[in-house]
Trainee: 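Below you'll find the structure I mean.
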Amino acid sequence: MGNTLKIGLFGFGCVGQGLYHVLNNSTGFKADIVKIGLKDKNKPRTIGKELITFDKWEILNNPEINVIVELIDDADEAFLIVSEALKKGKHVVTANKKLLATHLNELYRLQEENNVSLLYEASACGSIPIIRTLEEYFDNEELEKVSGIFNGTTNYILTKTIIEKLSYAEALKQAQDKGFAESDPTNDVEGFDAKYKAVIVALHAFGLIIKQEEVLNIGITTLHENDIKYASEKGYKIKLTPIIQKLGGDKVSVFVAPRFIKEHSHLYNVDNEFNGVIVEGQFSGEQFLQGRGAGSYPTGAAVLSDISALSHGYKYEFKKYSQKHAPVFTNDVFVEVYLRYNHEEDLKQIPFHEVTEKYASRDYKYIIGKVNLQVLIANKSYIINNHLFLSLVKDSVTK
Ligand code: HSE
């Protein structure tokens, strides 16, 4: 597409304002924001009235606008906007991980059918260029695993509460004030946000479109000081980590859970809102990418990078998705976990396949061993409702 980008921007929250700032302070690249579509008529705005509209169709039906940048919160409204834009032959840049993870199949089809580009680098791990790295650099090499820290808010909370001894409420408030948290932070702390990103990454790493509802996410809401004490005594940190791993027989396992991180891990010193991604290739071995996973300017910078790529006619090829022998998603794997429990009945409810360690005093009980991921999926509500805490002790799964 030549280099005249006429942008219709939806949303002017944390990321929208970040993009506006980054765009206005970038030299060498200019894009023209024609209109900004907003929802709330009563919010005071720092942008000129002539730029604003409250009618999405004024943007979607404007033939001058050839790029839609979608940065709103509501995934359902975003789906309407993005799918309409693609059908109308407009290119789309979005940072909306819930939208993508929920509608990957349909959005993939729409951008193919309408021969337009749908880019979403900012949707996963903020400013870390993980999608483009997987798309462009690892487009041919078979990968073994992609794992890491994909959520800035939980990493910020875990850093501030465990290392700096702030209260959970204060750490969460800071994450919200700094613009890291989702508008509903349960999406962060319950692991949904990290799961959406894992689903997006799985497409580019392994050519897999997974139903996000089938992917387990266990968050950090039931973390107790006994768990922190246990981890600290062993010299571990606790991080919320997605694991996207290939197993024999072309199966891929994807899930999100807290994990004990040992000092030698690349992820050990990835603190605060930073994210880290470890990509393990069949031949290249381990690569580690680190950067700001959340925040207005870093995420705005990732959006700008996509807009810039559009000006060069860039489009994802989805090479791994198009290949003949795409892998299959499975939850039938074993994970090694620490589970803090309350009563022996908890262990009847959550049967372990192998036990390597068990401790039980009146106030603190834990078990370490192997359990099938499907058992954890079936008992996710039980774990949360009974305030049990689960943490992976290994960074990989077994068949
Ligand atoms: N709430 C998200 C996070 C924002 O904390 O990582 C970036 O996607």
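Whatever order the structure lists ligands and atoms in, that order sets their numbers, starting from 1.
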Trainee: Identify the protein atoms, limited to N or O, that lie within less than 3.5 Å of an N or O atom of ligand 1, and list each pair with its distance to 0.1 Å.
Mentor:
from     : atom 1 : to   : atom 2 : distance (Å)
ligand 1 : 1 (N)  : F180 : O      : 2.7
ligand 1 : 1 (N)  : E182 : OE2    : 2.7
ligand 1 : 1 (N)  : D188 : OD1    : 2.8
ligand 1 : 5 (O)  : N151 : ND2    : 3.4
ligand 1 : 5 (O)  : G152 : N      : 3.3
ligand 1 : 5 (O)  : T153 : N      : 2.8
ligand 1 : 5 (O)  : T153 : OG1    : 2.6
ligand 1 : 5 (O)  : F180 : O      : 3.1
ligand 1 : 6 (O)  : N151 : ND2    : 3.4
ligand 1 : 6 (O)  : G152 : N      : 2.7
ligand 1 : 6 (O)  : K197 : NZ     : 3.1
ligand 1 : 8 (O)  : K97  : NZ     : 2.6
ligand 1 : 8 (O)  : K197 : NZ     : 2.8

Trainee: Return the set of residues passing salt bridge (charged side-chain N to carboxylate O under 4.0 Å, His left out) with E112 (not counting sequence neighbours), or none when no residue passes.
Mentor: K315
Trainee: Is it true that D139 and K320 have a side-chain N and a carboxylate O under 4.0 angstrom from each other?
Mentor: no
Trainee: Output all residues satisfying salt bridge (charged side-chain N to carboxylate O under 4.0 Å, His left out) with D74, sequence neighbours left out; order by chain, then residue number.
Mentor: none
Trainee: Are a donor atom and an acceptor atom from the side chains of D332 and T330 found within less than 3.5 Å of each other?
Mentor: no
Trainee: Please list all pairs passing the salt bridge (charged side-chain N to carboxylate O under 4.0 Å, His left out) test where one or both residues lie in residues 363-387, with sequence neighbours left out.
Mentor: none
Trainee: Take D271 and K237 through the test salt bridge (Lys or Arg N to Asp or Glu O under 4.0 Å) and record every step on the way to the result.
Mentor: CA-CA 10 Å; D271 287 330; K237 285 185 182 173; 3.0 Å; yes
